[in-house]
Amino acid sequence: MGIIKAVKLCHEYIHRDEEGNVDNIETALDNVDLDISQGDFIAILGHNGSGKSTLAKHMNVILSPSEGTMYVDGKDTSDEDELWNIRQTAGMVFQNPDNQIIAGIVEEDVGFGPENIGVPTKEIWARVENALSKVHMEKYRHHSPNKLSGGQKQRVAIAGVIAMKPKVIVLDEPTAMLDPIGRREVIETIEELNKKEHVTVILITHYMEEIVNADKVFVMDHGKIVMQGTPREIFSKVDELKSYHLDVPQITLLAHKLREKGLNIPEGVLTKEELLERLCQLS
Amino acid sequence: MLRDITIGQYYPEESFIHKLDPRVKLLGAFLFVVSVFIYDNLLGFAIMTFFLGLCIVTCKVPLKFMVKGLRAILFILILTGVINLFLTPGTSVFSWRFINITKQGIYNTVYMIIRLTYLVLGSSIMTLTTTPTRLTDGMETGLRFLKFFKFPVHEVAMMMSIALRFIPILIEEADKIMKAQMARGADFETGGLIKKAKNMVPLLVPLFVSAWRRAGDLAMAMEARCYNGGEGRTRMKPLKYQKCDYIAYLILFIYLGAMIATRIIFKADTLFGMYS
């Protein structure tokens, strides 16, 4: 069993009217099976309302399953005694950088998590220092988060999670509100963490360019996992992705179009360099 | 306009006052506010001004930055000034038709404006030099005895620190919404008071909605980071009195003593007193 495993996981949002009667049940997750091994870089794709954020919230026990089971590091998330352990094991970064920074100073915010789990003062300082250096934000440790750019705020949020020494970091559309520069900063930080620290990364996004380096990609639609595989395998199926309202990276799309026109180029080209090489081989 | 509010903001700097224990600063601000209301003569005013000036100089926050905060209360200042000036009964010095300005009225006006200005300056020194977290830490430890009366000290302190952190964010957002509404023809400038207040509705509704959303997001983010109330929490920056804190306490008590002494000894003097 991997670090995160879902078995027939279901989640329903129940809407009630004023008298408390159920008037609408929305199935956000529908029999999801998932197994993620330690140290992997996982990407979860899906358009709005596909259930990807709901899935993420299950990994951190912000939600608990309506049916089925979710295991994080071998612990059942419906076991209330393990709640705080699981939240420590699987840290979570959210979409809006402003709404997840609690303290008015960068270093104090990074220290918030360790404070909550009762880490001794001296150790908190060591962890904060370490976490800030991992996201390259040491320079800003005494700054107010309000004065940072979106990408920097998101890196602070990541540092806040790292300081709790998690085995998994779940990022729920961390770049959705950022400009291209901020987006690159955040993605580079995540990739570095995954490679150097061997933290399992679960990146939820709808930007295709961000996931070309992932080990495995899951595509979700209507609460189900509909595709899974390496980025190359996923991006080879341009038409299938389109049916789930997802786009492939521009380079992949270009290669796909060229192939349709009869050029001898394989499906699932991921980078500019790769396409260039293929094109040179043609002549 | 809205960006001018400096109350509740932190100004990072390395100074003696920045380094002080937040409990000292809280008590200091409290004593200063008390002293603002007990002074009633020129000597007391001089001591108060000297003390405030000393704090402003040692805290290294530019005076311009602090004075900017006064702009937010300008309206209140003018209003209290006008009311005091025209509505205080006493010996008349100037009168024209229904306007009647009295000696006591002038004194009252000067006193009130000084009091309000000093009040804001004094308390903004505290917030400008203390991070919201440390401020609430100070409150939490300083008021720990209230727990005995079942008062949720930690929860209130946490709420305050979050409120302080979100003030600038919400102000920025209000600014943004205002501009967006103005771009679509909303009018926040003209009309009487009631019309102006009515015009604020399209600003307040989206602001309120977004504040709720933010609150929900933040609560989730805090829970995700294992926030579980005050029990079992450790501190990154535990409060511990240093030598400079004891010195500051000493200065504070000397200051308070001096203020009380001027009041007892000099009473209201003739030059600047209210009821001469």
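Here is how names work: the chains are called A, B, and so on, in the same order as the sequence lines, proteins then strands, and each is numbered from 1.
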Measuring heavy-atom distances to chain B, does [X] have an atom under 4.5 Å in its side chain, in its backbone, in both, or in neither?
X         : answer
Glu107(A) : both
Ile101(A) : both
Thr121(A) : both
Pro166(A) : neither
Phe112(A) : both
Ile62(A)  : side chain
Lys57(A)  : side chain
Asp98(A)  : both
Val128(A) : side chain

Test side-chain contact (heavy atoms from CB on, under 4.5 Å) applied to Leu34(A) and Ile202(A), Leu55(A), Leu9(A), the passing residue: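 The single option meeting the side-chain contact (heavy atoms from CB on, under 4.5 Å) with Leu34(A) is Leu55(A).
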Basic-acidic side-chain contact under 4.0 Å: Lys52(A), Glu173(A):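 Counted as a salt bridge, because a side-chain N and a carboxylate O are separated by less than 4.0 Å.
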Ring center gap for His47(A) and His206(A) short of 6.0 angstrom: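 No.
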Validation row, ring centre His15(A) to ring centre Tyr13(A) under 6.0 Å: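 They do not qualify: ring centres at least 6.0 Å apart.
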Shortest non-hydrogen separation from Ala103(A) to Pro145(A) and the atoms involved: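 Result for this residue pair: O-CG, 3.5 Å.
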Does the side chain of [X] come under 3.5 Å of the side chain of [Y] through a donor N or O and an acceptor N or O?
X         : Y         : value
Lys25(B)  : Thr130(B) : yes
Thr175(A) : Gln154(A) : no
Thr200(A) : Asp40(A)  : no

Among the listed options Ala224(B), Gly232(B), Cys226(B), Ala221(B), the residue most often paired with chain A at heavy-atom distances under 4.5 Å: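 Winner by heavy-atom pair count: Cys226(B).
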Between Arg213(B), Met222(B), Lys237(B), the one whose heavy-atom pairs under 4.5 Å with chain A are most numerous: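 The answer is Lys237(B).
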Contact winner vs chain B - Ala157(A), Gly160(A), Gly104(A), heavy-atom pairs under 4.5 Å: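 Ranked by contacts with chain B, first place is Gly160(A).
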Partner chain B: residue of Asn146(A), Ile105(A), Ile117(A), Val170(A) with the largest heavy-atom pair count (under 4.5 Å):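 Most heavy-atom pairs under 4.5 Å with chain B: Asn146(A).
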Enclosure of Phe16(B) CZ (heavy-atom neighbours >12, cutoff 6.0 Å):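 Atom CZ in Phe16(B) is packed in, count exceeds 12.
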